[in-house]
Amino acid sequence: MTSVISELSGMINQKLTEVPPSVIRAFDNEISSVPGIIKLTLGEPDFAVPDHVKMAAVKSIAEDDSHYSQSAGKIELREAIAAYLKRTRNVDYDPASEIVVAVGATEALAACTFALLNPGDKVLVPTPVFPLYFPLISLTGAEVVMINTAPEGFVLTPERLKKVLEEEGSSVKAILLNYPSNPTGRSYSAKLLDELAEILKEHHLLVLADEIYSELTYDAEHSSLATRLPGQTLLISGLSKSHAMTGYRLGYVAGPSQLIGAVTKMHAFMVTCINDSAQAAAVEALNHGDNDPVVFREAYRHRRDYMVGRMRKMGFEMAVPEGAFYVFAKIPKEFGTDDFAFALRLAKEGRLGIIPGSVFGSGGEGYVRISYAASDEKIEEAMNRLEEFVSHI
């Protein structure tokens, strides 16, 4: 084992010391040693990448497609992204200057925040939400303003947005909105987005629209703020959820060229460019794979309905997920409100792994997130274990 010299022992970015590591990953690791545990903890699709997409990656490798590409991504991929967003959002993006390909939506978000935020800027983040957003914003020196949406059924209402903007003042520069949402599965109707867009337009806010789950909506067509506010929206998405390509790490950002230029610059400093075979697979998925997510979506819809029905009979309360692949459920009152204690006990005694709701920010206390991105058989056994656990307490 190598030890750092004493003179360097405290050499670390001080802002980084204030940020805890991923609590989701830490909790998942903590419970992984429980013998025979079933884990519904992570947002990891259980499906395989579609064969035609895999073959595109194989062909890329076989043809020695192994050199640096442009930092913004291969132009054929950016053209495919632009065509896809035209089909689905009716927004025209210039592939040459308004799209950048990233290492998943995670790196896309990091490039956006570090390229565009400054110390003292305030960023509105409706919660509960994926906790990665909090450190990405705070490490830039900007301030996270959490908006607890639990009282409004886990969606940001126009009335609430107006109130927060009045309270926080002119230092609010941006809003980060994830829909459909991780962890709640809630999304935004076209009417509600119209109303929010009017307010965001009036206040000239930058909109960071994380739409990574947009292809996995169950009860209504996905609507986008990029359609309504193209001049002030950065649309962030990717292929991890839609085509089960989490390991390919393929995401993208689309928006006005003046903003994308800065995002591309930061992206290039961090990763140089994306690997060629992942880009080849993405071109195939976007050009010929519109029907691939349909198969996944119908399977997820069935699993959602099954899980919601079983859990409600056990005494859990929840808003029915409209997209993504998570149930965000309130713990039955007899178990109290300590979601960490509940989840840890469930893991050790019930051999079922889920994520405590508190990790998702304000409004998540007393809730738990359960992923249904797992096989029907695993979900059925998980529900049997959960029922056994809650019925014997």
Q: Rounded at 0.5 Å granularity, tell me how far CG in N118 sits from NZ in K173.
A: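 N118 atom CG to K173 atom NZ measures 9.0 Å (nearest 0.5 Å).
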
Q: Answer yes or no: is there an ion pair linking K59 with D65, defined by an N-O contact shorter than 4.0 Å?
A: no

Q: Quick one: CG on L352 to CE on M383, what's the gap to the nearest 0.5 Å?
A: 6.0 Å

Q: Do D46 and S375 pair up side chain to side chain, a donor and an acceptor below 3.5 Å, judged on atom types alone?
A: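 Short answer, no.
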
Q: Look only at the side chain of Y188 and the backbone of L156, and say whether a donor-acceptor pair between them is shorter than 3.5 Å.
A: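 Checked: pair present.
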
Q: Any chain of hydrophobic side-chain contacts (each under 4.5 Å) joining L117 to F130?
A: yes

Q: With heavy-atom distances below 4.5 Å as the criterion, would you say the side chains of V19 and F134 are in contact?
A: no

Q: Passes salt bridge (charged side-chain N to carboxylate O under 4.0 Å, His left out), K378 versus E381? Steps please.
A: CA-CA 5 Å; K378 182 177 286 189; E381 176 59 22; over 6 Å; no

Q: Using a strict cut-off of less than 4.0 Å between a Lys/Arg side-chain nitrogen and an Asp/Glu carboxylate oxygen, indicate whether E298 and R301 qualify as a salt bridge.
A: yes

Q: Taking the ring of F154 and the ring of Y367, is the distance between their centroids below 6.0 Å?
A: yes

Q: Checking the side chain of R78 only, and the main-chain atoms of V101 only, is there a donor and an acceptor separated by less than 3.5 Å?
A: no

Q: Are the side chain of D276 and the backbone N or O of H67 linked by a donor-acceptor pair below 3.5 Å?
A: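 Checked: pair present.
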
Q: Is K39 atom NZ crowded by more than 12 heavy atoms from other residues, nucleotides or ligands, each under 6.0 Å away?
A: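 For K39, atom NZ is crowded (more than 12 foreign heavy atoms under 6.0 Å).
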
Q: In sequence, state the C-alpha distance, the side-chain angles, and the governing distance for K191 and D194, and then conclude on salt bridge (charged side-chain N to carboxylate O under 4.0 Å, His left out).
A: CA-CA 5 Å; K191 180 178 182 296; D194 286 341; over 6 Å; no

Q: Once you round to the nearest 0.5 Å, how far does CD1 of I260 lie from NZ of K265?
A: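 Here the rounded value is 15.0 Å.
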
Q: Search all heavy atoms of D219 against all heavy atoms of P321 and return the closest pair with its distance.
A: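 Minimum heavy-atom contact is OD2-O, 4.2 Å.
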
Q: Provide the closest heavy-atom pair for K15 versus S138 in the form atom of the first, atom of the second, distance.
A: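 The answer is CD-O, 4.1 Å.
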
Q: Do Q232 and H204 have side-chain atoms, one donor and one acceptor, less than 3.5 Å apart?
A: no

Q: With N291, which residues qualify under side chain to side chain donor-acceptor pair (under 3.5 Å), at least two apart?
A: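 Per chain and number, N291 pairs via side chain to side chain donor-acceptor pair (under 3.5 Å) with no residue.
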
Q: How about T88 and H222: do any of their side-chain heavy atoms sit closer than 4.5 Å?
A: no

Q: Compare all side-chain heavy atoms of I212 with those of I236 and state whether any distance is below 4.5 angstrom.
A: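 Side chain of I212 against side chain of I236, heavy atoms only: no contact under 4.5 Å found.
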
Q: Hydrophobic side-chain clustering at under 4.5 Å (ILVMFWY, transitive links): who's grouped with M1? Put none if nobody.
A: none

Q: Would the distance check show the side chain of S371 and the main-chain N or O of A373 forming a donor-acceptor pair, the cut-off being under 3.5 Å?
A: yes

Q: Could you check whether any side-chain N or O of S60 sits under 3.5 Å from a backbone N or O of A56, counting only pairs where one atom can act as donor and the other as acceptor?
A: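 Here the side-chain-to-backbone pair does not exist.
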
Q: Are T337 and I331 close enough that some pair of their side-chain heavy atoms sits under 4.5 Å apart?
A: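 Not in contact.
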
Q: Please determine which of F296, F47, Y213 meets the ring-ring contact (aromatic ring centres under 6.0 Å, His included) test together with F325.
A: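 Only one of F296, F47, Y213 forms a ring-ring contact (aromatic ring centres under 6.0 Å, His included) with F325, namely Y213.
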
Q: Nearest 0.5 Å, please: how far is OG1 in T217 from CD in E221?
A: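 Answer rounded to 0.5 Å: 6.0 Å.
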
Q: Following the transitive rule for hydrophobic clusters with a side-chain heavy-atom cut-off under 4.5 Å over Ile, Leu, Val, Met, Phe, Trp and Tyr, establish whether F389 and M318 coincide in one cluster.
A: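 They do share one cluster, since a chain of ILVMFWY contacts under 4.5 Å joins F389 to M318.
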
Q: Would a hydrophobic clustering, with Ile, Leu, Val, Met, Phe, Trp and Tyr connected at side-chain separations under 4.5 Å, put Y306 with F328?
A: no

Q: Roughly how far apart are L116 CG and Q258 CD, rounded to 0.5 Å?
A: 11.5 Å

Q: Do you know the tightest heavy-atom contact between P135 and L132?
A: CD-O, 3.1 Å

Q: Determine whether Y179 and L85 fall in the same hydrophobic cluster, where Ile, Leu, Val, Met, Phe, Trp and Tyr are linked whenever their side-chain heavy atoms lie under 4.5 Å apart.
A: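 No, Y179 and L85 fall in different hydrophobic clusters.
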
Q: Around K86, counting heavy atoms of other residues, nucleotides and ligands shown, do more than 12 lie under 6.0 Å from its NZ?
A: yes

Q: Rounded at 0.5 Å granularity, tell me how far CD in E152 sits from OG1 in T157.
A: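 OG1 of T157 is found 4.5 Å from CD of E152.
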
Q: Report yes if the side chains of M307 and L40 come closer than 4.5 Å at any heavy-atom pair, otherwise no.
A: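 Sidechains of L40 and M307: in contact.
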
Q: Taking the side chain from E211 and the backbone from S237, do they hold a donor-acceptor pair closer than 3.5 Å?
A: no

Q: Verify, without hydrogens or angle tests, whether R385 (side chain) and R351 (backbone) share a donor-acceptor contact under 3.5 angstrom.
A: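 Between the backbone of R351 and the side chain of R385 there is a qualifying donor-acceptor contact (under 3.5 Å).
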
Q: Within the structure provided, determine whether I175 and L196 are in side-chain contact (heavy-atom separation under 4.5 Å).
A: no

Q: Apply side chain to side chain donor-acceptor pair (under 3.5 Å) to R89 and S214, showing your working.
A: CA-CA 11 Å; R89 273 78 164 176; S214 61; 3.0 Å; yes

Q: Minimum heavy-atom separation for S187 to V155, with atom names?
A: O-CG1, 3.6 Å

Q: Are L42 and I354 linked, directly or through intermediate hydrophobic residues, by side-chain heavy-atom contacts shorter than 4.5 Å (ILVMFWY only)?
A: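 In one cluster with I354: L42, no.
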
Q: Can you name the closest pair of heavy atoms from P128 and S181 and give their distance?
A: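 The answer is O-OG, 4.1 Å.
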
Q: Looking at R25, is its backbone amide N or carbonyl O close enough to the side chain of N29 to form a donor-acceptor pair, meaning the two atoms are under 3.5 Å apart?
A: yes

Q: Going by the side-chain contact (heavy atoms from CB on, under 4.5 Å) test, name the single residue among V49, L239, N275 that passes it with Y248.
A: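 Single side-chain contact (heavy atoms from CB on, under 4.5 Å) partner of Y248 among V49, L239, N275: V49.
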
Q: How far apart are the closest heavy atoms of P293 and L216, and which atoms are they?
A: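 Taking P293 first and L216 second, the nearest heavy atoms are O-CD2, 4.3 Å.
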
Q: Indicate yes or no for a side-chain donor-acceptor contact from Y218 to the backbone of A324 under 3.5 Å, with no hydrogens or angles considered.
A: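 It does hold such a pair.
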
Q: Do D121 side-chain atoms and V123 backbone N/O form a donor-acceptor pair below 3.5 Å?
A: no

